[in-house]
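Following: one structure in structure tokens, then a few remarks.
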Amino acid sequence: MQEAMERHGYIADPAIATAVFLAREMKKPLLIEGDAGVGKTEVAKVLARLLDTELIRLQCYEGLDVSTALYEWDYPRQMLRVRMAAEGSDPSLTEQVIFSRAYLLERPLLKAITRREGSPVLLVDEVDRADDGFEAFLLEVLSEFQVTIPEIGTIRAEHVPYVILTSNRSREIGDALRRRCLYLYIEHPTLEKEVRIIRARVPEAGERLAGQIGRFLQALRQRRLLKSPGAAETIDWAQALVRLHRDELDPEIVQQTLGCILKDRNDLRDLTPSDLSPLVRQARGIEVPAS
Amino acid sequence: MSEKSLVVHVARFARALREREILVSPADEVDAVTALTLVDLSDRAEVRQALRVALKIRPRDAGAFDELFKRFWESGPAAADPGRSSRPASPPAALLRRQGAAPGSEPESRDLERDVAVGDLPGYSPEALLRKKPFEECTESDLRAMERLLERAAYRLATCRSRRLVPTRGRGAVDLRRSFRKAVETDGEFLRLARRARAVEEPRLVVLCDTSGSMDAHTRFLLCFLLALKKAARRTEIFVFNTALTRLTPWLSPARIGPTLERLAAEVPDWSGGTRIGESLAEFAARHLDEMVDGKTVVIVVSDGLDRGDTAILGAAMRAIRSRARRVIWLNPLMGDPRFEPTARGMEAALPFVDLLASAHNLESLERLIPRLAA
């Protein structure tokens, strides 16, 4: 599994590979938690590529409701139909027509369970941002994989989708939902993994630069930061440095590009140039042996 | 290993986890067994990962999990079950030969557990200072200022809006779906638009407040807070306890707090006496739980957890309450002390059944609590 994921551009450690493998084999949703930017969403994307299936994404936010998550009626078309029916026709018949599946707009959850061509991957992203009520609703959908629409009836899943839920832990996910899923907590990458991520995602970055970036970030995460940079930031930064034609770090360039990895004003302010140079020295200290 | 001994071993492991207060349900155990039939049992690292995933181990429990895992799946279950007579037939250690930790996995995830949600408010006004002042250090005039602040804070609670949209008359966003329904009846003419808006959801609260001697310095403020809460969220039930439980709700008038407190001191048995938390909560569970607590109710226990009674009773009562309530919040005034650890025996027994353990030593801590009551 780990190798398969790597072939699709995702450097997984054994923990991630095992979790994804089990989720696929046991056909259970996988709840992934971890700091921002550690690659939670990426897991779903790579799983979809791996299974060669469609990725259906539901981005959660405060106030997410059924009409954005599940289905909505196609009002403009319904309106046209109602107008066309016009005089003399039986209103109850019109109602039957406009509240049929032809006038239904499928939102991610419904789309995921009605897909005909095999199981899709359903990504429920940042589920912690939706409210408790939605969580309860999600729980129902995930346990039955069926949905009831008052006007139409119950729609059952043709193929049970692979479900990945992610959470930034902005609030605790309810126990019931957590128990329904398998659970994975993604840590910040280790040095070795981080260097491999850089090499895989930014191949233009040389061995030396990748090693230095990796060590710099490892050292940086030891500090008390409000927002620890994740792998996503690492990749951004590596790309920025490559664009700037750098093949190693120096305090000046780090200072100039720090915005790629530190996204909080206080963190940026706290990291003074005098803090920076030892970090850079440390990062440059031991060179990674050339391959 | 046969599937049967796998089941037995997982069950033992789960019990050990539960003893360390890592809550693992039977459903999780089933998941764990299924997961283990899918992985390579000779790969210890993989077994560890699979169990973490299937038993839903959160990062804060990772340390304890790893420790138990080492004892259970490395040296065999015999060593892990000291003092128990039963011995499993086949120690899995023989099967789990491969040594060495999994590359790229680190058990030290505790520093990732930083709680970012609770930030410090910037202090810029006398009010801000007042908010941070511990209750024991307050003067009489501080008290009155605090009472006013508290009332304002509690009022916010009553205006918490749910994110759910409900039909309304005359205001709010247009509800297309219902509008269409109506339009169909009138041949497609939109004579009146249906609207919907965010519902106001009044939180339902049950408060159980400790009034024993060890809580004395704080009681006045906490009751003040509770009275303000009661004003804001009318469906709040308030009980006080020390050696016995008293239902306070019918006595509380929205008038001044001072006289109410004095009346209480006169009439509640054992005001500022000793505590029997367990018995009091058990009494609540037996007499009022079914009728007052449901899936929408937040139960708040205010106590320092210094229990003189039997902690087993306390644990059982908390379990019963937890199983019915939406959330259980324990407010502990001692928590304001940076050296605080929940080591009081009562506190320890109650902790597994508490969703949120928060401090209640100053106004700021109470204010911070308010959004949590509504959510």
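Just so it is clear, the model here is predicted, and its values are computed rather than measured. Protein chains get the first letters and strands the later ones, always in sequence-line order, with residue 1 at the start of each.
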Self-check item: chain A contact via B:L23 - side chain, backbone, both or neither, heavy atoms under 4.5 Å
Solution: both
Quiz prompt | Salt bridge A:R199-A:E194, side-chain N to carboxylate O under 4.0 Å | solution = no
Quiz item: Based on non-hydrogen pairs under 4.5 Å, which of A:R178, A:K28, A:E25, A:R180 is most in contact with chain B?
Solution: A:R178
Practice problem: Counting only heavy atoms closer than 4.5 Å, note whether B:A54 contacts chain A via side chain, backbone, both or neither. | Solution: both
Quiz item: Do the charged groups of B:D175 and B:R195 touch, with an N to O distance under 4.0 Å?
Solution: no
Quiz item: By a 4.5 Å heavy-atom criterion (distance strictly below it), what part of B:D28 contacts chain A: side chain, backbone, both, or neither?
Solution: side chain
Quiz item: Only one of B:I329, B:V298, B:V328, B:I300 clears side-chain contact (heavy atoms from CB on, under 4.5 Å) with B:L356; which?
Solution: B:I329
Quiz prompt | Per-residue contact mode, A:F134 against chain B (heavy atom under 4.5 angstrom) | solution = neither
Exercise. Would you mind checking if A:K227 and A:D267 are paired as a salt bridge, meaning a charged N to carboxylate O distance below 4.0 Å?
Key: no
Quiz prompt | Lys/Arg-Asp/Glu bridge criterion (N-O < 4.0 Å) met for B:K70, B:E67 | solution = no
Quiz item: Of the backbone (N, CA, C, O) and the side chain (C-beta and beyond), which part of A:I98 lies under 4.5 Å from a heavy atom of chain B, both, or neither?
Solution: side chain
